[in-house]
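One is the number of the first residue; the rest follow in order along the sequence.
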Amino acid sequence: RNYVPENLDEIMLGYLSVPLVTDNKKELSNRLKLTDSRGRLLKWKGVKQILIKNGYKIKDTTKCINGKTTKISIITK
């Protein structure tokens, strides 16, 4: 079981409707402090599943940033 912080919605405010690149996803994962059954910090894939279970929608797409095609995720409630 993953402990979801009580202030999840408050933490998420800064990340809603913003294109998140890898560094933003790592930052969000660190701020949420979600861990697996062995106490290891969850990476984006696990965080994404928990957010979806808690009513968030995540759209994965690509965007050209500085001439490079980059994977981004956009979170909405």
Side-chain angles (χ1 to χ4, degrees):
R1 287 268 148 151
N2 293 296
Y3 165 75
V4 178
E6 289 179 21
N7 61 343
L8 176 66
D9 290 333
E10 186 179 314
I11 292 171
M12 292 305 299
L13 282 177
Y15 297 92
L16 293 177
S17 302
V18 176
L20 303 176
V21 294
T22 303
D23 288 343
N24 303 120
K25 294 175 193 177
K26 285 180 186 175
E27 176 188 309
L28 177 57
S29 298
N30 290 334
R31 286 195 64 198
L32 291 175
K33 295 182 176 82
L34 297 170
T35 56
D36 64 12
S37 58
R38 295 183 178 175
R40 297 175 298 191
L41 198 63
L42 287 179
K43 302 290 183 192
W44 173 246
K45 186 176 177 183
V47 170
K48 179 179 174 180
Q49 291 173 348
I50 290 171
L51 290 175
I52 290 170
K53 286 179 187 173
N54 282 277
Y56 289 92
K57 295 183 180 97
I58 301 173
K59 179 183 176 193
D60 293 316
T61 186
T62 57
K63 186 176 183 179
C64 189
I65 300 173
N66 296 330
K68 294 172 93 175
T69 301
T70 307
K71 289 183 184 179
I72 62 167
S73 298
I74 299 173
I75 303 171
T76 56
K77 182 82 171 159

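- Side chains of K53 and V4 form no contact here, defined as non-hydrogen atoms less than 4.5 Å apart.
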When you look at I75 and L51, which way does the side-chain contact (heavy atoms from CB on, under 4.5 Å) test go after all the steps? CA-CA 9 Å; I75 303 171; L51 290 175; 4.0 Å; yes
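- Proximity of V47 to I50: side-chain heavy atoms (C-beta onward) are nowhere separated by under 4.5 Å.
- Side-chain atoms of L42 and Q49, non-hydrogen and from C-beta on, never get closer than 4.5 Å to each other.
- Taking each heavy atom of I58 and K48 in turn, the nearest pair found is CD1-CG, 3.4 Å.
- The minimum heavy-atom distance between S17 and I74, with the atom names listed, is CA-CG2, 3.9 Å.
- Atoms CG and NZ, from L20 and K26 in turn, are 13.5 Å apart once rounded to the nearest 0.5 Å.
- Placement of I11 and I52 within a single hydrophobic cluster is found when ILVMFWY residues are connected by side-chain heavy-atom separations under 4.5 Å, directly or transitively.
- Side-chain contact check for L28 versus W44: some heavy-atom pair is nearer than 4.5 Å.
- The shortest non-hydrogen separation linking K33 to N30 is CG-O, 3.2 Å.
- Placement of L34 and L16 within a single hydrophobic cluster is found when ILVMFWY residues are connected by side-chain heavy-atom separations under 4.5 Å, directly or transitively.
- With rounding to the nearest 0.5 angstrom, the CG atom of D9 is 8.0 Å from the CG atom of N54.
- The minimum heavy-atom distance between I72 and K25, with the atom names listed, is C-NZ, 4.3 Å.
- Formation of a donor-acceptor pair under 3.5 Å by the T70 side chain with backbone atoms of K68 is found in this model.
- If you take CG on N7 and CZ on R31, they are separated by 8.5 Å, rounding to the nearest 0.5 Å.
- Contact between K43 and S29 at its shortest, heavy atoms only, is C-OG, 4.0 Å.
- Side-chain atoms of L8 and Y56, non-hydrogen and from C-beta on, do get closer than 4.5 Å to each other.
- By the 4.5 Å heavy-atom criterion applied to side chains, D23 and E27 are not counted as neighbours.
- Residues P5 and L32 share a closest heavy-atom pair of CG-O, 3.8 Å.
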